[in-house]
Trainee: 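Structure provided below as structure tokens; questions to follow.
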Amino acid sequence: MSPDRNRLHIAIQKSGRLSDQSKQLLRDAGLKLSEAGKNHLTARAENFPLDLMFVRDDDIPTFVADGVCELGIVGQNVLEEYALGLNAPRFEQVARLGFGRCSLKIAAPESLNFFSPSMLNGQRIATSYPRMLARFLEQRGIEADIVTMRGAVELAPRLGIARFICDLVSTGATLEANGLAVVDDVFDSEAVLVRTLKPIDAAHAEKAHALLTRIEGVTATAESKYIVLNAPESALAAITEILPGAEAPTVVPLIGRPGHVAVQAVCQESVFWETLERLKAAGASAILVMPIEKMMV
Ligand code: PRP
Ligand code: ZN
């Protein structure tokens, strides 16, 4: 495969927890994706100079570090494990994407009814993330044996390979199915966009910048809401406090209702029913919450 140097290349997960949402993010950024090639290893954007490369998540950091792909979408868990094995940084994280949240946890058989980190001393711990686990143990001054496994880590305690495991937990279903329970947190992760630190030419850099701006727009709008409400002027300070992640709301007078104003604001964080109840209790009325379709900051 010799990559077309007039196009930008992005590595995304072939199949797994991030693949559908990675593709959806690119579609939300306005890209029209062609069907994957016959080999299902590549696809292209028809209206943007971007080629998609579908690879195993563990291979994405390498593709981006080597500059085979200028960009990649990957979980921070995979990225961090790879980065801990490097002498110098070879890629940089450019945006958090807000999906694929999961965390690396220490788990033990459910029968264990008490846990303190010192109990890991002298134990065997099975994991696919040996570097992150080693750092975790070192920071706590714990000496334990790390047993590296490529997969099926959850089986280790039952097979007598290790008493504890250190594995990725998302819904928790896998742990539960294997009679295991979380005892400690190692690392919280979500999908991120990464960029190679290999020098790229101006034309590629410009395309990458344009794509990044669009992706930032998509992620910024995902949770953002536009809120409109009426309020007595005297309640303005209290209401501004409650509006989640809103900077400088617009305040306009209400004709025929002296002392009352309409407040409009972009909220950059989730707006919950509880938020609305608090706004109402503070004096707000006629509260509207609207989705934002596109945003460019
Ligand atoms: C992880 C992990 C567990 C599962 C946990 O594997 O190794 O098997 O996900 O998810 P749950 O808490 O929702 O049950 P992953 O799907 O990332 O596969 P991989 O390790 O082969 O990349
Ligand atoms: Zn994997």
Side-chain angles (χ1 to χ4, degrees), residues 10-26 36 40-41 52-66 68-69 71-86 91 93 96-112 115 120 123-137 144-194:
I10 188 166
I12 69 171
Q13 194 183 21
K14 184 172 168 3
S15 61
R17 66 175 72 242
L18 302 183
S19 48
D20 287 345
Q21 280 167 294
S22 301
K23 279 180 266 179
Q24 190 54 47
L25 173 73
L26 296 174
H40 296 290
L41 296 178
L52 283 66
M53 313 251 168
F54 301 112
V55 297
R56 281 197 45 176
D57 61 351
D58 313 73
D59 292 333
I60 295 175
T62 318
F63 270 63
V64 177
D66 292 347
V68 174
C69 290
L71 300 170
I73 295 177
V74 65
Q76 287 169 310
N77 53 308
V78 172
L79 208 58
E80 183 76 0
E81 184 66 19
Y82 180 82
L84 286 175
L86 298 176
F91 47 74
Q93 178 178 317
R96 290 168 47 192
L97 301 173
F99 62 86
R101 290 206 173 91
C102 57
S103 28
L104 190 62
K105 311 248 195 204
I106 309 269
E110 275 160 358
S111 53
L112 190 82
F115 176 81
L120 296 172
Q123 297 289 336
R124 288 160 69 85
I125 310 170
T127 190
S128 310
Y129 296 86
R131 297 184 186 120
M132 274 197 273
L133 175 58
R135 179 176 61 181
F136 172 89
L137 296 173
D145 283 338
I146 297 172
V147 182
T148 304
M149 292 173 68
R150 284 292 207 143
V153 171
E154 303 83 6
L155 294 180
R158 248 193 293 157
L159 299 176
I161 296 168
R163 181 155 183 225
F164 294 89
I165 68 164
C166 169
D167 198 16
L168 223 50
V169 179
S170 169
T171 60
T174 306
L175 284 189
E176 205 186 313
N178 288 283
L180 301 169
V182 170
V183 293
D184 215 338
D185 291 329
V186 177
F187 185 84
D188 289 330
S189 173
E190 70 181 272
V192 290
L193 181 70
V194 281

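Note that the coordinates shown come from a computational prediction; the quantities given were computed from them, not determined experimentally. When a ligand or atom number is given, it counts from 1 through the structure's own listing order.
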Trainee: Which of the numbered atoms in ligand 1 are below 4.0 angstrom from a heavy atom of Val169?
Mentor: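 Those atoms are 12 (O).
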Trainee: With a 3.5 Å cut-off and sequence neighbours excluded, list the donor-acceptor pairs that the side chains of residues 100-110 form with protein atoms.
Mentor:
from: Ser103; atom 1: OG; to: Asp188; atom 2: OD1; distance (Å): 3.4
from: Lys105; atom 1: NZ; to: Asp185; atom 2: OD1; distance (Å): 2.7

Trainee: Looking at ligand 1, does any of its N/O atoms fall within less than 3.5 Å of an N/O of Ser170?
Mentor: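 Right, the criterion is met.
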Trainee: Provide the number and element of each atom of ligand 1 under 4.0 Å from a heavy atom of Thr171.
Mentor: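 In order of number, 11 (P), 12 (O), 13 (O), 14 (O).
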Trainee: Just to be sure I'm reading this right: ignoring hydrogens, which of Asp167, Thr174, Leu168 gets closest to atom 7 (O) of ligand 1? Compare them by their nearest heavy atoms.
Mentor: Asp167
Trainee: What closest approach, in Å, do Tyr129 and Asn77 show between heavy atoms, and which atom pair accounts for it?
Mentor: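 Minimum heavy-atom separation between Tyr129 and Asn77: OH-ND2, 2.9 Å.
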Trainee: Taking only heavy atoms of Ala173 into account, list the atoms of ligand 1 that are under 4.0 Å away from them.
Mentor: 12 (O), 14 (O)
Trainee: Hey, what do you get for CE (Met53) to CZ (Phe63), rounding to the nearest 0.5 Å?
Mentor: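 It is 7.5 Å, given to the nearest 0.5 Å.
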Trainee: Any idea which atoms of ligand 1 are less than 4.0 Å away from a heavy-atom of Glu154?
Mentor: 2 (C), 3 (C), 7 (O), 8 (O)
Trainee: Please check if the side chain of Arg131 supplies one atom and the backbone of Glu81 the other of a donor-acceptor pair under 3.5 Å.
Mentor: yes
Trainee: Under a 4.0 Å heavy-atom limit, does Asp57 contact ligand 1 with its side chain, its backbone, both, or neither?
Mentor: side chain
Trainee: Does Ser128 use its side chain to pair, donor to acceptor, with the backbone of Met149 at less than 3.5 Å?
Mentor: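 A pair under 3.5 Å: yes.
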Trainee: Considering the heavy atoms of Gly172, write down every atom of ligand 1 situated less than 4.0 Å from one of them.
Mentor: 11 (P), 12 (O), 13 (O)
Trainee: Quick one: list whatever passes side-chain hydrogen bond (donor to acceptor under 3.5 Å, both in side chains) with Glu176, sequence neighbours left out.
Mentor: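 Here no residue qualifies.
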